[in-house]
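Note that ligands are numbered from 1 as they come in the structure, with each ligand's atoms numbered from 1 the same way.
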Amino acid sequence: MSAAEIGVIGLGTMGAMLALNIADNGFAVAVHNRTAARIPEFMEKAGDLARRITGHAELEDFVKGLASPRNIILMVPAGDAVDAQIEQLRPLLDVDDMVIDAGNANFHDSERRAKASEEAGVPFLGIGVSGGAEGARFGPSIMGGGTPEAWDRVAHILKAISAKYEGQPCATYMGTGGAGHFVKTVHNGIEYADMQLIAEAYGVMRDGMGMDAAACGAVFDRWNKGLLQSYLIEISGKVSAATDPETGNPMLDMILDRAGQKGTGRWTVIESQMLGAPVPVIEAAVVARNMSAQRDLRLAGAKAFGPTGGAMADGTLSLDDLEQALIAGKVLCYAQGFELLIKARAEYDWDLPMAEIAKVWREGCIIRSAMLNDMASALTDAPEQNLALAPYFADVLRKNVAGLRKVAVVAMGAGQPVPALAAALNYFDTLTSARTTANMLQAQRDYFGAHSFERTDKDGSHHGPWLDQHLQG
Ligand code: NDP
């Protein structure tokens with residue numbers, strides 16, 4: 001077989017699927033894995049596609065099996081494993097050979113690696129890949145970061161293997177350095193929030209309305225035909241309908257309420273705090289996962305206090321209220337995510353293509369949804385505008401915030417936690433407040449720290465009458 005056009009290191013869940021996808025799109029691909037035994041297993045599973053794949057147990061042979069200049073995708077765990085793999089590879093590579101980190105890197109790491117590569121005069125690309133195993137195999141959404149030249153070199157392959165929305169590839173160059181991984185991080189933060197909002201709606205149906213899993217599933221299926229149409233609503237319908245083969249019970253009822261996470265939601269929140277770009281729905285979702293993990297504490301709390309709210313009376317909430325709540329919550333959570341991207345765009349001097357980001361998320365990725373197409377249109381018209389204020393989405397909010405308010409208030413009255421829905425509502429109420437209570441904060445800050453404040457009636461920086469009095473004792 002002639003030299004491969006691209007290489008993949010790491011034949012785990014994602015790397016194996018990505019390699020098959022590349023081969024399936026007609027490219028010759030070389031693969032390598034730390035644990036060599038995995039390579040023949042992978043080749044066997046590749047079936048017909050194996051004719052375009054060469055497996056190499058030795059890293060040196062893998063490198064030699066690639067056409068120059070080489071392009072090597074790393075699909076290994078983010079962090080130290082990436083650095084270790086790059087360190088092992090570099091001595092074997094020529095100066096124009098390119099490493100492409102396709103894992104879920106922290107964007108600061110990608111910035112550092114891009115800078116080190118630039119100083120060494122070697123190309124580097126950091127790409128965020130979304131869509132899980134199925135996406136990697138049949139078309140993920142790909143967000144690229146690095147020099148435009150690095151992107152252009154492999155764009156034809158990345159576009160070919162990516163998901164397509166009405167024929168348009170969901171693979172886009174986002175900007176220099178860590179831009180691709182930053183956009184992927186925010187994608188994951190939004191994913192946390194979208195999932196949490198759906199989980200809370202499920203909680204209201206299960207605990208407030210007394211619905212069983214199958215009935216919840218039927219509601220998700222129905223919602224998936226309307227404004228909420230999305231992959232996450234679709235799979236929520238599917239998991240709600242599934243039966244546990246061992247017990248015959250609804251599968252959902254047999255799953256422990258302790259959620260895992262790998263950190264990208266937390267990174268989104270950390271970056272939002274650093275940039276002063278509030279993402280309270282995403283924060284609520286991360287906190288909810290953290291609290292879900294504290295099961296022993298929750299069990300102790302439940303034992304100590306018993307039911308903390310009144311029962312949700314029959315008919316207090318309708319499924320239409322709940323659908324409205326999810327629609328409004330979703331718009332507000334995406335508005336926050338895009339605001340964070342707008343802030344990052346200015347802070348890191350990235351030319352983030354706002355509408356293209358919405359477009360690249362329309363297919364292939366976990367948060368794909370019909371609404372993203374409307375978001376792409378809104379961001380095309382006004383890339384720097386908060387989505388909640390874009391005419392189309394302002395209209396959606398006007399029609400649906402009442403449901404969000406009703407669901408949040410009723411659920412909280414019944415002692416049912418709805419942190420993401422409540423955060424969405426509070427965000428909306430703050431966003432639409434011409435006068436907040438921050439004047440009190442400013443007065444307090446000036447009182448104890450002489451931090452000064454602005455006045456409502458004239459320019460400049462001022463102090464209150466209290467300073468002299470209390471500092472003099
Ligand atoms: P897996 O755990 O399935 O596979 C990890 C792969 O990396 C294996 O091939 C493993 O080799 C290799 N590896 C682990 N440690 C090292 C190391 N120190 N040096 C060299 N190779 C190493 O992970 P995934 O495929 O799920 O994830 C890979 C990347 O993709 C991660 O960054 C992840 O966050 C990201 N990602 C994952 C998604 C998913 O849905 N799973 C979705 C999007 C991104 P070995 O066989 O020797 O253990």
> What I'd like to find out is whether the side chain of Val219 reaches to under 4.5 Å of the side chain of Met211, using heavy atoms alone.
yes
> Taking all atoms of both residues into account, what is the closest heavy-atom pair of Pro419 and Gln196, and its distance?
CG-NE2, 4.1 Å
> Quick one: salt bridge (Lys or Arg N to Asp or Glu O under 4.0 Å) pairs with a partner in residues 345-355, sequence neighbours left out?
Arg345-Asp351, Arg345-Glu384
> Using a strict cut-off of less than 4.0 Å between a Lys/Arg side-chain nitrogen and an Asp/Glu carboxylate oxygen, indicate whether Asp24 and Arg52 qualify as a salt bridge.
no
> Show the nearest heavy-atom pair for residues Lys164 and Lys159, with the distance to one decimal.
NZ-O, 3.0 Å
> Using the ring pair (Phe, Tyr, Trp, His ring centres under 6.0 Å) rule, pick out the option among Tyr334, Tyr165, Phe338 that qualifies with Trp361.
Phe338
> Mind checking what residues have non-hydrogen atoms under 4.0 angstrom from ligand 1?
Gly10, Leu11, Gly12, Thr13, Met14, Asn33, Arg34, Thr35, Arg38, Met75, Val76, Pro77, Ala78, Ala81, Gln85, Gly103, Asn104, Val129, Gly132, Lys184
